[in-house]
Every structure is written in structure tokens, then in C-alpha cells.
Amino acid sequence: EKFKGGLSKTRDSFVGAMNELMMEYRTVDEEFFEELEDILIAADVGVNTVMELVDELREEALRRNIKDSVNIQPLITEKLSELLVRSEQETKINMQDGELTVILVVGVNGVGKTTSIGKLANKFKQEGKKVMLAAGDTFRAGAIEQLEVWGERTDVDVIKQQAGSDPAAVMFDAVQKAKSRGADVLLCDTAGRLQNKVNLMKELEKVKRVLTREIPDAPHEVLLVLDATTGQNALSQAKIFKEVTEVTGIVLTKLDGTAKGGIVLAIRNELDIPVKYVGLGESVDDLQEFVAEQYVNGLFA
Ligand code: GDP
């Protein structure tokens with residue numbers, strides 16, 4: 001249900017256009033496939049993914065002897081689901097049973113990083129876990145205070161130092177405190193400066209080094225937050241972060257605010273990083289684990 005609501009904008013435009021194409025009862029010919037390509041690209045599915053998808057559809061339509069638009073619809077749904085499911089990526093968080101799980105959250109400013117950390121804190125708390133936050137974005141003005149607002153809202157401790165301090169020192173302190181207070185999950189905010197790739201890489205490496213020194217296999221997750229409304233920009237951000245650090249999962253925010261929900265398909269197909277959560281609104285409950293079947297059903301059912 002959440003998925004359905006959150007995807008309504010995408011459903012209205014993308015599926016609306018799809019239905020128009022299907023319902024005209026026309027011959028499935030080259031012109032048909034070209035229109036289909038246009039619709040998918042407009043939904044931000046991504047050119048490479050669209051080409052792949054439509055090529056498969058062409059072949060399969062030929063093989064199954066499908067000649068008209070009405071009969072090709074189930075095949076399209078099937079191919080879209082296949083595309084999402086076939087990579088069989090792990091969407092569960094790598095939780096350490098009975099020990100501290102450290103999750104590093106990365107992403108550029110404005111994508112919804114702080115909000116997503118708050119939503120995740122809430123989610124883990126609801127699962128009965130003790131959660132703490134580390135204010136590792138010491139660079140951006142207001143980032144620490146903003147995280148504290150979420151700390152209060154979700155009633156979890158925020159470990160911080162003053163603005164401008166060394167993020168690695170904040171992390172060290174946060175891990176010590178999380179361990180001594182018996183926390184299950186430590187969510188670590190980080191600065192999201194993409195302007196200087198080398199600095200970003202150095203900072204993230206230093207932070208990771210500190211974490212690994214304290215807990216050998218930490219961080220257990222590196223979640224990259226991407227804003228779905230930025231479309232192909234989100235894809236290029238992901239490519240840069242992938243070069244800079246090892247990203248284990250994606251939180252795709254603001255899916256409710258875009259008609260271009262097809263970006264999920266592009267991310268799955270072109271990045272080889274699993275989408276683990278999607279943001280479907282601004283409130284604390286508006287974060288859903290990503291389930292491919294639910295996504296496809298949210299679009300078509
Ligand atoms: P940060 O700079 O990356 O930490 O971004 P924020 O967490 O401050 O979020 C930026 C804006 O996006 C805020 O107004 C949030 O309420 C909004 N936002 C975050 N996630 C979502 C989402 O899933 N859906 C919608 N509609 N808005 C979101």
C-alpha cells in the first residue's frame with residue numbers, strides 16, 4: 001500500500017503513457033517499440049537499460065508470436081520484474097547479532113541523508129534495537145544540529161563534537177560510547193562534498209580506518225543516499241561514490257516526489273549496487289525496504 005501511494009506520480013505519468021500505447025490496439029512494429037523506448041526514457045529508466053529491455057522484448061515478442069499491443073502488456077510487466085529480480089541482490093542490512101552494527105551513511109547535501117538516518121533510526125528502534133547516531137558531517141553548517149533534531153524526534157543519543165572537528169575523531173568517540181552503552185546499531189552521518197573527490201575519498205578512508213581499528217569488520221554497511229527526483233544525476237553521483245568508496249547499498253529518497261520512478265531500474269541494472277530502502281515521504285515512517293515485486297505491483301497493480 002505504501003508503495004502504491006508513494007509511486008502514484010510515476011504510475012500516473014509512466015503507466016498512463018504505457019496504457020495509452022497498449023490500449024490503442026495496434027500492431028507491435030518498429031514504431032511501437034520506438035514509442036515504448038521514449039516512454040521508458042522519459043521515466044528515467046536510463047538509455048542502456050531501455051535498449052537492453054526493448055531488445056529483449058523484440059526477441060521475445062517474435063518468439064511468442066505476439067503481434068498486437070494488447071497482448072504484449074503482460075510481457076512488458078514480466079520483463080520489468082525480471083530486470084529487477086534477476087540480479088538477486090542482497091537487500092537486507094548486514095546486522096551483527098548481539099554485537100554493534102556500524103552503518104556509514106554517505107551522499108551529497110540535500111539528497112535526504114539526515115532524514116533517512118532519522119527514518120532508519122526509527123525503524124531499527126521499532127525492531128527493538130538500541131540505536132545511536134554519530135554526527136560525522138562536521139563540515140556543513142547546521143548538519144550537527146539537524147541530526148540532533150532527528151535524535152530528539154526518535155529519542156536516540158547523538159554523539160557529536162563541535163563543528164569543524166575531525167570526523168574520524170567523532171567516529172572513534174561514537175564507537176567507544178556505542179560499545180559502552182550497549183548499542184546495537186550506530187548510524188554514522190558523513191560529509192557529502194563531491195566537489196573535491198580526493199578529499200572526500202581521504203576523509204571516508206580515514207573514517208573507515210578508525211572504525212575498522214575498533215571493530216575489525218566495520219563499517220558493516222556503507223549506504224549511499226540518492227535523490228530519485230534528480231534522475232540521471234543520481235546515477236552519476238552513484239558512479240563517483242562507487243569510485244571513492246565501497247558502497248554496499250542505496251537508499252533512494254523522494255520516490256514519492258517524482259514521476260520518474262524508473263530510476264530504480266537504471267540503478268539496479270547499471271550500478272550493481274542493491275537499492276535497500278526507498279523514501280516515500282517526509283515523515284519518520286516513510287521509509288520502506290525495497291522489494292522488487294512490490295515495486296512492480298505498485299506500478300501496475
Ligand atoms: P540532507 O542535506 O541530505 O541531509 O537532506 P535532508 O535530510 O535535510 O532532506 C532534504 C529535504 O528532502 C527535506 O526537506 C526532507 O524533508 C526532504 N526529504 C527527504 N527524504 C524524503 C522523501 O523520501 N520524500 C520526500 N517527499 N521528501 C524527502
Side-chain angles (χ1 to χ4, degrees), residues 1-13 44 91 103-124 131 133-154 156 158-160 163 167 170 187-195 200 203-204 207 221-231 233-238 240-241 244-245 247 249-264 267 275-291 294-295 298-299:
E1 282 308 308
K2 269 266 166 73
F3 260 98
K4 267 187 113 159
L7 286 169
S8 62
K9 282 196 181 157
T10 300
R11 197 170 51 240
D12 290 351
S13 69
D44 246 334
T91 60
I103 301 174
L104 209 58
V105 185
V106 302
V108 303
N109 297 334
V111 292
K113 192 151 48 88
T114 320
T115 308
S116 298
I117 291 175
K119 288 171 174 176
L120 284 169
N122 181 60
K123 189 169 200 66
F124 295 140
V131 182
L133 308 181
D137 185 353
T138 58
F139 182 77
R140 181 168 64 110
I144 299 171
E145 291 75 15
Q146 207 189 335
L147 196 69
E148 283 186 301
V149 170
W150 278 102
E152 273 167 36
R153 204 173 281 168
T154 54
V156 305
V158 180
I159 307 307
K160 55 159 190 178
V170 178
L187 287 163
C188 307
D189 193 10
T190 62
R193 283 167 291 164
L194 264 198
Q195 296 81 353
L200 180 71
E203 179 164 325
L204 288 176
V207 161
E221 292 277 354
V222 179
L223 296 181
L224 169 64
V225 184
L226 297 176
D227 178 344
T229 64
T230 65
N233 236 334
L235 215 58
S236 28
Q237 279 169 25
I240 296 175
F241 271 97
V244 167
T245 190
V247 178
I250 285 166
V251 180
L252 187 64
T253 64
K254 311 185 198 178
L255 210 51
D256 56 305
T258 178
K260 300 186 164 201
I263 189 72
V264 177
I267 289 174
V275 175
K276 296 206 172 186
Y277 292 97
V278 292
L280 298 170
E282 290 188 276
S283 85
V284 70
D285 301 315
D286 292 330
L287 187 81
Q288 289 280 304
E289 261 170 60
F290 182 77
V291 182
Q294 283 177 13
Y295 170 81
L299 281 183

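Nothing fancy with the numbering, it's 1 onward along the sequence. In each ligand, atom 1 is the first atom listed, and ligand 1 is the first ligand listed.
Note: I117 CD1 to T154 OG1 = 10.5 Å, rounded to the nearest 0.5 Å. Distance check, rounded to the nearest 0.5 Å: OG1 of T190 to CZ of R140 gives 10.5 Å.
In terms of protein heavy-atom proximity, atom 5 (O) of ligand 1 is nearest to G112 N, 3.1 Å. For atom 6 (P) of ligand 1, the closest non-hydrogen atom of the protein is T115 OG1, 3.4 Å. Counting only heavy atoms of the protein, atom 16 (O) of ligand 1 lies nearest to E282 OE2, 2.6 Å. Taking atom 8 (O) of ligand 1 as the reference point, the nearest protein heavy-atom neighbour is Q146 NE2, 2.6 Å. Atom 28 (C) of ligand 1 has K254 CG, 3.6 Å as its closest protein atom, hydrogens excluded (heavy atom only). Atom 4 (O) of ligand 1 has its closest protein heavy atom at T114 OG1, 2.4 Å. Residue, atom and distance of the protein heavy atom nearest to atom 3 (O) of ligand 1 are K113 N, 2.7 Å.
Listed by number with element, the atoms of ligand 1 under 4.0 Å from a non-hydrogen atom of R140 are 2 (O), 4 (O). Of all the atoms in ligand 1, the ones that sit under 4.0 Å from a non-hydrogen atom of G279 are 23 (O).
Annotation: side chain of Q237 is in contact with side chain of L226 (closest heavy-atom distance under 4.5 Å).
The option from G6, G110, G257 that lies nearest to atom 10 (C) of ligand 1, judged by heavy atoms, is G110. When the heavy atoms of V108, V149, D256 are ranked by distance to atom 25 (C) of ligand 1, first place goes to D256.
Residue L280 places a heavy atom less than 4.0 Å from ligand 1. Judged by the shortest distance from any of its heavy atoms, G281 lies inside the 4.0 Å radius around the atoms of ligand 1.
The nearest pair of heavy atoms linking K123 to L287 is NZ-O, 3.8 Å.
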(message) Using side-chain contact (heavy atoms from CB on, under 4.5 Å), reason through K113 and V108 one step at a time and then give a plain yes or no.
(response) CA-CA 8 Å; K113 192 151 48 88; V108 303; over 6 Å; no

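With respect to the salt-bridge test (charged N to carboxylate O, under 4.0 angstrom), the residues D256 and K9 do not qualify. Ionic pairing of E148 and K160 is present here: one or more N-O contacts between side-chain nitrogen and carboxylate oxygen are shorter than 4.0 angstrom.
Ring planes of F290 and Y295: tilted class, angle from 30 to 60°.
Of the N and O atoms on the side chains of D227 and T230, not one donor lies less than 3.5 Å from an acceptor on the other residue.
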